[in-house]
2 protein chains.
Amino acid sequence: MLCASCEARHGGVCAALDPDQLAVLARSARKYEAGSGTELMGDAERIESYANVLSGVVKLTKTLSDGRQQIVGLQFAPDFLGRPFKAESDLNAEAATDVSLCAFPRASVERMIRASPELERRLYLQALKELDEARDWMVTLGRKTAGEKIASFLLMIARSIEPAAGTDRMSARFDLPLTRADIADFLGLTIETVSRQLTRLRADKVIAIENNRHVIVPDLSRLEARQGR
Amino acid sequence: MLCASCEARHGGVCAALDPDQLAVLARSARKYEAGSGTELMGDAERIESYANVLSGVVKLTKTLSDGRQQIVGLQFAPDFLGRPFKAESDLNAEAATDVSLCAFPRASVERMIRASPELERRLYLQALKELDEARDWMVTLGRKTAGEKIASFLLMIARSIEPAAGTDRMSARFDLPLTRADIADFLGLTIETVSRQLTRLRADKVIAIENNRHVIVPDLSRLEARQGR
DNA sequence: CGGAAGGTTTGATCTGGATCAAAAATGCAG
DNA sequence: CTGCATTTTTGATCCAGATCAAACCTTCCG
């Protein structure tokens with residue numbers, strides 16, 4: 001059965017469900033892959049389904065009518081994707097990398113929420129986590145310099161991609177899930193400024209970059225010293 | 001009894017409770033006033049109580065160690081103040097104006113949440129609302145010009161202070177609940193830039209200002225045209 | 001009423017990051 | 001491997017908003 005080996009079964013919202021409930025939900029669930037760049041949900045579109053992110057990274061964006069864009073959130077496995085209790089989305093969700101998702105029809109999720117306070121609790125906790133993250137980024141967007149923004153971003157990715165890093169390890173290596181353009185949209189900068197700041201970090205030997213995507217941080221504390229605190 | 005004439009009894013979280021539950025909670029509730037500038041909750045402080053905002057405005061701030069500050073949220077009546085399920089606050093809450101609050105000890109709120117899924121649902125909805133707001137502000141912080149930020153801010157205040165305005169009415173007048181310094185901390189600008197942009201809006205007759213605090217908007221659509229869309 | 005203390009506006013100058021422009025990597029299809 | 005498209009880096013210049021510096025208002029309290 002679908003859920004047996006699923007990551008969301010553990011850390012994700014499905015962990016809230018008992019075997020019977022899980023069986024019910026699994027019946028209407030549909031697992032699928034989407035290539036990088038695929039739009040998963042459009043602004044002003046009716047919300048017809050929710051999904052768990054099983055692998056890859058999803059970016060949530062808002063766009064002004066003249067084309068200026070801002071990424072307002074990134075979702076990693078096993079995050080739950082979608083905004084309950086709202087008929088229409090007011091943002092775009094797009095696959096930032098190739099992703100694999102487990103989608104549920106809107107109706108079954110909402111029925112399940114009504115039936116399981118435990119599930120609602122999980123969703124509430126994720127909303128609180130996303131709110132905490134959004135507020136941290138407001139500080140980054142409003143008050144940090146370009147160099148501090150880039151350092152903050154790299155540290156955030158390092159922590160999300162390889163949870164091992166965070167605490168004790170001194171070094172980290174990971175692939176950037178975003179292009180330079182995406183990083184710019186996330187940090188409220190231009191592509192050129194992102195590139196220049198990465199170049200500077202490289203020149204100062206705080207990081208090394210291979211093939212434009214793979215980042216090596218030999219000493220996380222040196223990167224932390226640059227994020228602004 | 002306390003709750004009979006309370007505003008939070010209607011729009012706020014207390015509306016989720018039945019009369020018995022309300023009576024229980026009221027027993028440990030304490031209503032009080034705090035003057036503008038009072039710190040209501042400190043960063044890295046243990047969370048000992050929650051509160052409903054009954055009147056006035058509370059600002060939520062984050063501060064970098066070198067003093068740079070960012071306001072990450074504003075709370076108006078009848079918002080619920082506090083972050084459930086977390087031992088320690090990671091932000092400051094301060095009265096931006098004189099406020100009146102109805103405070104509950106941490107333990108009674110958490111007991112009540114466990115007892116009332118309806119209350120938890122309300123809190124979840126408020127978290128989702130705050131998340132939506134935070135994401136809108138991320139666009140403002142990351143991608144709008146100083147002039148657009150100020151217009152967005154004035155419109156947000158107009159809508160929160162006098163809910164009547166929002167829809168059909170063409171004009172609005174209200175007192176700014178924040179000083180120029182607070183507005184700057186909210187928008188990621190300096191005091192001087194805030195002042196200059198307000199002066200420009202005044203020069204262009206989009207707004208009028210009396211006594212530094214009272215704002216008159218004769219035609220909301222002209223202000224909307226300046227907020228960036 | 002005078003006068004000290006904040007808060008606000010205005011002016012002059014500077015600068016970090018944007019914009020404009022082009023070269024260099026990288027990836028891919030044939 | 002070659003050639004083309006896309007992404008990234010680097011360089012030159014510009015400008016919105018920051019910074020530095022004064023004046024100007026409001027309160028409000030003795």
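Both backbone and side-chain heavy atoms feed into the values below; hydrogens, waters and symmetry mates do not. Throughout, protein chains are lettered first and strands after them, A, B, ... in sequence-line order, and every chain is numbered starting at 1.
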Got a sec, which residues hit ring-ring contact (aromatic ring centres under 6.0 Å, His included) with B:F153, two or more places apart in sequence or on another chain? B:F186

Angle of first-five versus last-five pair axes in the helix from C:dC1-D:dG30 to C:dG30-D:dC1, to 10 degrees: 40°

By side-chain contact (heavy atoms from CB on, under 4.5 Å), which residues pair with A:A96, not counting sequence neighbours? A:V57, A:K59, A:L178

Got a sec, which pairs hit side-chain hydrogen bond (donor to acceptor under 3.5 Å, both in side chains) with one end in residues 41-51 of chain A, sequence neighbours left out? A:Y50-A:E110

Nucleic acid contacts of residues 178-196 of chain B, taken as heavy-atom distances under 4.0 Å to DNA chain C: B:T179, B:R180, B:I191, B:E192, B:S195, B:R196

State which residues pass side-chain contact (heavy atoms from CB on, under 4.5 Å) with A:N211; sequence neighbours excluded, sorted by chain then number. none

Only distances under 3.5 Å count here; give the side-chain donor-acceptor pairs of residues 125-133 of chain B to other protein atoms, sequence neighbours excluded, each with its distance to 0.1 Å.
from   : atom 1 : to     : atom 2 : distance (Å)
B:Q126 : OE1    : B:F80  : N      : 3.0
B:Q126 : NE2    : B:F80  : O      : 2.9
B:Q126 : NE2    : B:E130 : OE2    : 2.5
B:K129 : NZ     : B:D79  : OD1    : 3.3
B:E130 : OE1    : A:R135 : NH2    : 2.9
B:E130 : OE2    : B:Q75  : NE2    : 3.2
B:D132 : OD1    : A:R83  : NE     : 3.4
B:D132 : OD2    : A:R83  : NE     : 3.2
B:D132 : OD2    : A:R83  : NH2    : 2.7

Distance-only check: which donor-acceptor pairs under 3.5 Å involve side-chain atoms of residues 197-208 of chain A, not counting sequence neighbours?
from   : atom 1 : to     : atom 2 : distance (Å)
A:T199 : OG1    : A:S195 : O      : 2.9
A:D204 : OD2    : A:R226 : NH1    : 3.3
A:D204 : OD2    : A:R226 : NH2    : 2.7

What residues form a side-chain contact (heavy atoms from CB on, under 4.5 Å) with B:A8, not counting sequence neighbours? B:C6, B:N52, B:L54, B:P78

Taking B:K149 for its side chain and B:L187 for its backbone only, find out whether a donor-acceptor pair lies under 3.5 Å. yes

Using atom NZ of B:K144 as one end and atom C1' of D:dG17 as the other, report the distance to the nearest whole Å. 18 Å

Rounded to the Å, how far apart are A:R200 CZ and D:dT9 C1'? 15 Å

Atom pair CG/CG of A:L141 and A:L189 - distance to nearest 0.5 Å: 8.5 Å

Check whether any side-chain N or O of B:R143 sits under 3.5 Å from a backbone N or O of A:Q70 as a donor-acceptor pair, and report yes or no. no

My understanding is that only residues two or more places apart in sequence, or in another chain, count here; which of them pass side-chain contact (heavy atoms from CB on, under 4.5 Å) with B:S55? B:S100

As an exercise, state the distance from OG1 of A:T61 to CG of A:D182, rounded to the nearest 0.5 Å. 9.0 Å

About how many Å separate CD1 of A:I71 and CG of A:N92, when rounded to the nearest 0.5 Å? 11.0 Å

Here the residues of residues 202-215 of chain A within 4.0 Å heavy-atom distance, strictly under, of DNA chain C are A:N212

Walking along DNA chain C from 5' to 3', note the first and the last nucleotide with an atom under 4.0 Å from a heavy atom of chain B, and give both. C:dT8 to C:dA12

